[in-house]
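Keep in mind the model is a prediction, meaning the values are calculated, not measured. The figures here come from the full heavy-atom set of this structure, side chains too, leaving out hydrogens, waters and symmetry mates.
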Amino acid sequence: MASCLRNQIKRDIDNVLFSDFGEMHIIDDKEVLAIVEKNTSKLLNDRFRQGFDGSYEVYLYVHAKVRDLIRLPNEGDYCRVDGLTYSVISATDDCGLAILILGSDVG
């Protein structure tokens, strides 16, 4: 039963998710069909983030097929997306779907 569900998830990733929502992005110097969402939040109180007075935290959420990436990065690595470099906060492989949470501080 579990393998049947995993196979259906893999088909849905290929046939639905990326065909409907994916766009081409450059991830670590390779063109990849991915879903990229940017979330920018202003820090309201700099005491929570010493040394980044008035900075913004930029989070990038990236979903791509693991097989399309050069490699699945590790936490703490750097990952380039569309020419910008981000720190890898989290990177997981969920049934062949890479889920990356990337972060950057911008002054």
### Query
Roughly how far, to the nearest 0.5 Å, is CG of Asp93 from CZ of Arg67?
11.0 Å
### Query
Measuring from Glu31:CD to Asp68:CG, what's the distance to the nearest 0.5 Å?
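Those atoms lie 11.0 Å apart.
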### Query
Taking a hydrophobic cluster as the set of Ile, Leu, Val, Met, Phe, Trp and Tyr residues connected by side-chain heavy atoms closer than 4.5 Å, whether directly or through intermediates, do Ile70 and Met24 fall within one such cluster?
no
### Query
Going hydrophobic residue to hydrophobic residue with side-chain gaps under 4.5 angstrom, can you get from Val62 over to Val66?
no
### Query
With respect to Pro73, which candidate in Ile27, Leu100, Leu102 satisfies the side-chain contact (heavy atoms from CB on, under 4.5 Å) definition?
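So the option named by the test is Leu100.
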### Task
With sequence neighbours left out, write down each residue that passes side-chain contact (heavy atoms from CB on, under 4.5 Å) with Ile35, or none if nothing qualifies.
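Here the qualifying residues are Leu17, Phe18, Phe21, His63.
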Would you tabulate the side-chain donor-acceptor contacts of residues 76-90 under 3.5 Å, counting partners in other chains and residues two or more places apart, or write 'none'?
unit_1: Asp77; atom_1: OD2; unit_2: Arg71; atom_2: NH1; d: 3.1
unit_1: Asp77; atom_1: OD2; unit_2: Asn74; atom_2: N; d: 2.9
unit_1: Arg80; atom_1: NH1; unit_2: Thr85; atom_2: OG1; d: 2.8
unit_1: Arg80; atom_1: NH2; unit_2: Gly83; atom_2: O; d: 2.8
unit_1: Asp82; atom_1: OD1; unit_2: Ile26; atom_2: N; d: 2.9
unit_1: Asp82; atom_1: OD2; unit_2: His25; atom_2: ND1; d: 2.6

